[in-house]
Amino acid sequence: MSATYNLFKNPGKGDNLHARQVNQYTIRINELCDEISEISAFSSSDVKGMLEALKNRIASHLKYGAIVELEGLGTFNASLKCPPLSSEKQITPHLVKFSKVVFRCSKELKNELRQMKLERANEPSRLKGYTEEKRKANILNYLKQNKTISSFTCRSINGCSKYIALKDLRTLLTEGKIIRLGYRSNAQYGLQEKEE
């Protein structure tokens, strides 16, 4: 699967174009936990608990002025804001407020992302989502090219949540278009062979 982009005109810069990634889906914490659970010995709940603890520790250290570095991922630090006043005496501590968290990507992560495959998008962002019929058609088309599909692959090709992917697979099972192979986290699905 490739990332996709479209070309857009630079405002106020003549006919120059720039490439912008077309975001295909949003991955949320529960889905990340499920994915990590599938490739590790940790349960989804363990992963979620660990990520929650990590978030709390990062927030705690940022509150006290630390730069938090997660090796291989990047650094986090808090930035501040204050009113546009010219005198130091005018800018008292109660006027200085938290602005945002700044993330700086690590060299390792940048190098990994430089390997991303890109192709021109045929359509705009999928964030609004495909219709159920389009998602089911994508699953069946994938199965014509490949012997099996997992719920994770369904999520990837359709840019949807785990729950929607499983719902689509259940519907296709009920319709007799696919069969289930294996159980639970190892479940795969294949095309239902037509009886002659």
Side-chain angles (χ1 to χ4, degrees), residues 1-8 19-56 70 72-74 103 105 108-109 111-196:
M1 186 177 167
S2 301
T4 57
Y5 68 91
N6 260 330
L7 298 173
F8 300 87
R20 187 186 308 158
Q21 183 168 317
V22 176
N23 295 312
Q24 301 302 326
Y25 58 96
T26 300
I27 189 85
R28 294 194 166 80
I29 192 80
N30 287 339
E31 293 156 343
L32 277 176
C33 291
D34 289 343
E35 288 179 16
I36 295 169
S37 175
E38 288 174 11
I39 61 170
S40 70
F42 302 105
S43 73
S44 182
S45 298
D46 290 338
V47 177
K48 190 167 186 180
M50 185 60 68
L51 290 176
E52 185 67 27
L54 178 63
K55 180 196 76 172
N56 290 341
L70 301 181
L73 185 61
F103 172 72
C105 185
E108 295 94 329
L109 185 55
N111 288 336
E112 200 167 318
L113 292 174
R114 284 190 179 102
Q115 309 302 319
M116 70 192 295
K117 293 179 182 176
L118 293 162
E119 61 185 45
R120 180 84 182 264
N122 295 324
E123 55 196 35
S125 172
R126 290 186 203 161
L127 288 178
K128 291 183 179 176
Y130 288 137
T131 64
E132 180 181 352
E133 289 309 310
K134 175 66 173 162
R135 292 193 310 267
K136 287 169 23 184
N138 288 344
I139 292 169
L140 294 173
N141 287 335
Y142 181 91
L143 282 170
K144 288 175 185 171
Q145 307 290 325
N146 305 274
K147 289 186 177 182
T148 62
I149 192 168
S150 67
S151 63
F152 176 75
T153 305
C154 289
R155 286 155 51 190
S156 296
I157 64 173
N158 285 325
C160 64
S161 71
K162 172 185 175 182
Y163 307 102
I164 290 175
L166 290 172
K167 178 179 174 282
D168 291 340
L169 290 166
R170 280 193 298 272
T171 303
L172 289 168
L173 281 167
T174 304
E175 292 171 354
K177 295 180 178 173
I178 63 171
I179 57 172
R180 184 176 175 146
L181 311 163
Y183 294 94
R184 299 197 179 177
S185 62
N186 295 324
Q188 296 283 320
Y189 301 83
L191 281 174
Q192 173 72 17
E193 300 205 5
K194 295 178 180 175
E195 295 180 9
E196 296 183 16

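Atom NZ of residue Lys48 and atom CG of residue Leu32 lie 11.0 Å apart, to the nearest 0.5 angstrom. Of the inter-residue distances, the one linking Leu143 atom CG with Gln188 atom CD reads 9.5 Å to the nearest 0.5 angstrom. Distance check: Gln192 CD to Leu140 CG gives 12.0 Å after rounding to the nearest 0.5 Å. In this structure, CG in Asp46 is found 8.5 Å from OG in Ser40, a value given to the nearest 0.5 Å. Note that OG1 of Thr153 and CG of Asn146 are 8.5 Å apart. Values are rounded to the nearest 0.5 Å. The CD1 atom of Ile164 lies 13.0 Å from the OG atom of Ser151; values are rounded to the nearest 0.5 Å.
Sorted by first and then second residue, the pairs that involve residues 20-34 and meet salt bridge (Lys or Arg N to Asp or Glu O under 4.0 Å), not counting sequence neighbours, are Asp34-Lys162.
Judged as a side-chain contact (heavy atoms from CB on, under 4.5 Å), and not counting sequence neighbours, the contacts of Leu173 are Ile178, Arg180, Tyr189. Every residue two or more places apart in sequence or in another chain that forms a side-chain contact (heavy atoms from CB on, under 4.5 Å) with Lys144 is listed here: Asn141, Leu191. In this structure, Gln145 has no side-chain hydrogen bond (donor to acceptor under 3.5 Å, both in side chains) partners at least two apart in sequence or on a different chain. Scored by the ring pair (Phe, Tyr, Trp, His ring centres under 6.0 Å) test, Tyr163 finds no partners at all (sequence neighbours excluded). With sequence neighbours left out, the side-chain contact (heavy atoms from CB on, under 4.5 Å) criterion links Glu132 to Arg135, Lys136, Lys167, Asp168, Thr171.
Across all non-hydrogen atoms, the minimal contact from Lys134 to Asn158 is O-OD1, 4.5 Å. The two residues Gly190 and Leu181 have their closest heavy-atom pair at N-CD1, 4.1 Å. Between Glu38 and Phe152, the closest heavy-atom pair is OE1-CB, 4.3 Å. Nearest heavy atom pair, residue Leu109 against residue Gly72, reads CB-O, 3.7 Å.
With a 6.0 Å radius and a threshold of 12 heavy atoms from other residues, nucleotides or ligands, Phe103 has its CZ atom above the threshold. Around atom CD of Gln21, more than 12 heavy atoms belonging to other residues, nucleotides or ligands sit under 6.0 Å away.
At least one side-chain heavy atom of Ile27 sits less than 4.5 Å from a side-chain heavy atom of Glu35.
The closest donor-acceptor contact from the side chain of Ser37 to the backbone of Phe42 lies under 3.5 Å.
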